[in-house]
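Heads up: numbering here begins at 1 and tracks the sequence. FYI, side chains are in, hydrogens and waters are out, and symmetry mates aren't considered; it's all heavy atoms of this structure.
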Amino acid sequence: MENYTIRTLIPEEELKAGIKRVADEINKEYAGKTVHLICVLKGGVYFLTELSNYITDADVTIDFMSVSSYGAGLKSTGVVKIIKDLDEPIEGKDVIIVEDIIDSGNTLSYLIELLKARKPASLKLATMLDKPSRRVKPLKTDWSAFVIEDLFVAGFGLDYMQKHRNLPFIGEVVFE
């Protein structure tokens, strides 16, 4: 196992303020409506929980998907695998995909096309972290709490080797 440290990149208070900004925009757009949040597991669950706490002007329903294109490595394999599909249909619903981080865009591009085919009333994308410098596929995010440089990060749902998801901040994994 490599030696590494985790350096704080986005402290807890700043992180929560960024997530609240996203929720405020969702509140404006969906006031008085029902919004269906689809959390991309596993990393997105922390963002989903915090985000939904701040969505107060709309009713919220939630479902989960688990997809992967990473395996155990640090780089995307480019092959998207659905590990857990939705429990309920999304036809006619206002849907927001809730993702922890967007990197290459491969996984999300695939997921967006898959979900569009299920005929939601609307389909938007909220991400906690956006890494546009790594984008391989064109992808429009509707809401991003933070745009970051090309760094390997962990914390607040993001993992390194399945560890560090429980950190209350976003940290850069620095390899020694």
task = Take Val173 and Thr5 through the side chain to side chain contact (heavy atoms under 4.5 Å, CB included) test and state the conclusion after the steps.
result = CA-CA 6 Å; Val173 179; Thr5 57; over 6 Å; no

ask   = Stepwise, does the salt bridge (charged side-chain N to carboxylate O under 4.0 Å, His left out) test hold for Glu50 with Lys20?
value = CA-CA 8 Å; Glu50 193 71 22; Lys20 187 176 184 315; over 6 Å; no

task = Verify ring pair (Phe, Tyr, Trp, His ring centres under 6.0 Å) between Tyr4 and Phe152, making sure each step is shown before the conclusion.
result = CA-CA 11 Å; Tyr4 64 93; Phe152 195 82; 9.3 Å; no

Arg118/Asp85 under salt bridge (charged side-chain N to carboxylate O under 4.0 Å, His left out): CA gap, chis, key distance, verdict = CA-CA 12 Å; Arg118 297 179 185 185; Asp85 207 339; 2.9 Å; yes

query = Can you check side chain to side chain contact (heavy atoms under 4.5 Å, CB included) on Leu129 and Leu158, steps first, answer last?
reply = CA-CA 10 Å; Leu129 303 176; Leu158 296 151; 3.5 Å; yes

request  = Dump the intermediate steps for side chain to side chain contact (heavy atoms under 4.5 Å, CB included) on Asp159 and His164, then the final yes or no.
outcome  = CA-CA 5 Å; Asp159 73 291; His164 311 299; 6.0 Å; no

Verdict with supporting geometry, Trp143 and Leu125, side chain to side chain contact (heavy atoms under 4.5 Å, CB included) = CA-CA 6 Å; Trp143 303 284; Leu125 176 58; over 6 Å; no

inquiry  = Could you go through Glu91 and Lys119, starting from their C-alpha distance and side-chain angles, then the distance that decides it, and tell me whether this counts as salt bridge (charged side-chain N to carboxylate O under 4.0 Å, His left out)?
reply    = CA-CA 5 Å; Glu91 186 170 347; Lys119 300 181 170 89; over 6 Å; no

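At least one side-chain heavy atom of Val40 sits less than 4.5 Å from a side-chain heavy atom of Val67. Taking 4.5 Å as the limit, some side-chain heavy atom of Leu114 sits within range of a side-chain heavy atom of Met65. Side-chain atoms of Tyr30 and Asp59, non-hydrogen and from C-beta on, never get closer than 4.5 Å to each other. Between Tyr54 and Asp24, every side-chain heavy-atom pair lies at or beyond the 4.5 Å cut-off.
Although no hydrogens or angles enter the test, the distance criterion places no donor-acceptor pair under 3.5 Å between the side chain of Arg165 and the main chain of Gly155. In this structure a side-chain-to-backbone donor-acceptor pair under 3.5 Å is missing from Asp142 to Lys124. Remark: side-chain polar atoms of Asn27 are paired, donor with acceptor, to backbone N or O of Thr56 under 3.5 angstrom.
In this structure, CG on Leu139 lies 10.0 Å from CG on Leu111, to the nearest 0.5 angstrom. Within the model, atoms CD1 of Ile112 and NZ of Lys140 stand 9.5 Å from one another, a figure rounded to the nearest 0.5 Å. To the nearest 0.5 Å, atom NZ of residue Lys33 and atom CD1 of residue Ile26 are 13.0 Å apart. Rounding to the nearest 0.5 Å places OG1 of Thr107 at 10.0 Å from CD1 of Ile102. If you take CG on Leu167 and CG on Leu15, they are separated by 11.0 Å, rounding to the nearest 0.5 Å. In this structure, OG1 on Thr61 lies 7.0 Å from CG on Leu37, to the nearest 0.5 angstrom.
Hydrophobic clustering, with ILVMFWY side chains joined whenever heavy atoms are under 4.5 angstrom apart, keeps Val147 apart from Val136. Clustering ILVMFWY residues whenever any of their side-chain heavy atoms sit less than 4.5 angstrom apart, transitively, puts Leu86 in a cluster other than the one holding Leu41. Phe169 and Phe156 fall into different hydrophobic clusters, where Ile, Leu, Val, Met, Phe, Trp and Tyr are joined by side-chain heavy atoms under 4.5 Å apart, directly or via other members. Both Val80 and Leu108 sit in one connected hydrophobic cluster of ILVMFWY residues. Membership requires side-chain heavy atoms under 4.5 Å apart, directly or through other members. Both Tyr46 and Val60 are members of a single hydrophobic cluster when ILVMFWY side chains are connected at heavy-atom separations under 4.5 Å.
The nearest pair of heavy atoms linking Lys131 to Glu149 is CG-O, 3.3 Å. The two residues Pro138 and Ser109 come nearest to each other via the heavy atoms O-OG, 4.0 Å. Nearest approach of Pro120 to Leu115, heavy atoms of both residues: CD-O, 3.3 Å. The minimum heavy-atom distance linking Ala121 with Gly92 is given by the pair CB-O, 3.4 Å. Annotation for Phe47 and Met128: closest pair CE2-N, 3.4 Å, computed over non-hydrogen atoms. Asp150 approaches Ser133 most closely through the heavy-atom pair CB-OG, 3.7 Å.
Donor-acceptor pairing under 3.5 Å is recorded for the side chains of Asp94 and Ser122.
If you run side chain to side chain donor-acceptor pair (under 3.5 Å) between Arg135 and each of Asp130, Asn106, Asp103, only Asp130 comes through. Only one option out of Ile96, Leu48, Val95 pairs with Ile38 in a side chain to side chain contact (heavy atoms under 4.5 Å, CB included); it is Val95. Of the listed residues (Ile148, Val153, Leu151), just one forms a side chain to side chain contact (heavy atoms under 4.5 Å, CB included) with Ile170, and that residue is Val153.
Under a 4.0 Å N-O distance rule, the pair Lys116/Glu113 qualifies as a salt bridge.
In this structure, Glu12 places its CD atom where more than 12 heavy-atom neighbours from other residues, nucleotides or ligands lie under 6.0 Å away. The neighbour count for Lys84 NZ, taken as heavy atoms of other residues, nucleotides or ligands under 6.0 Å away, is above 12.
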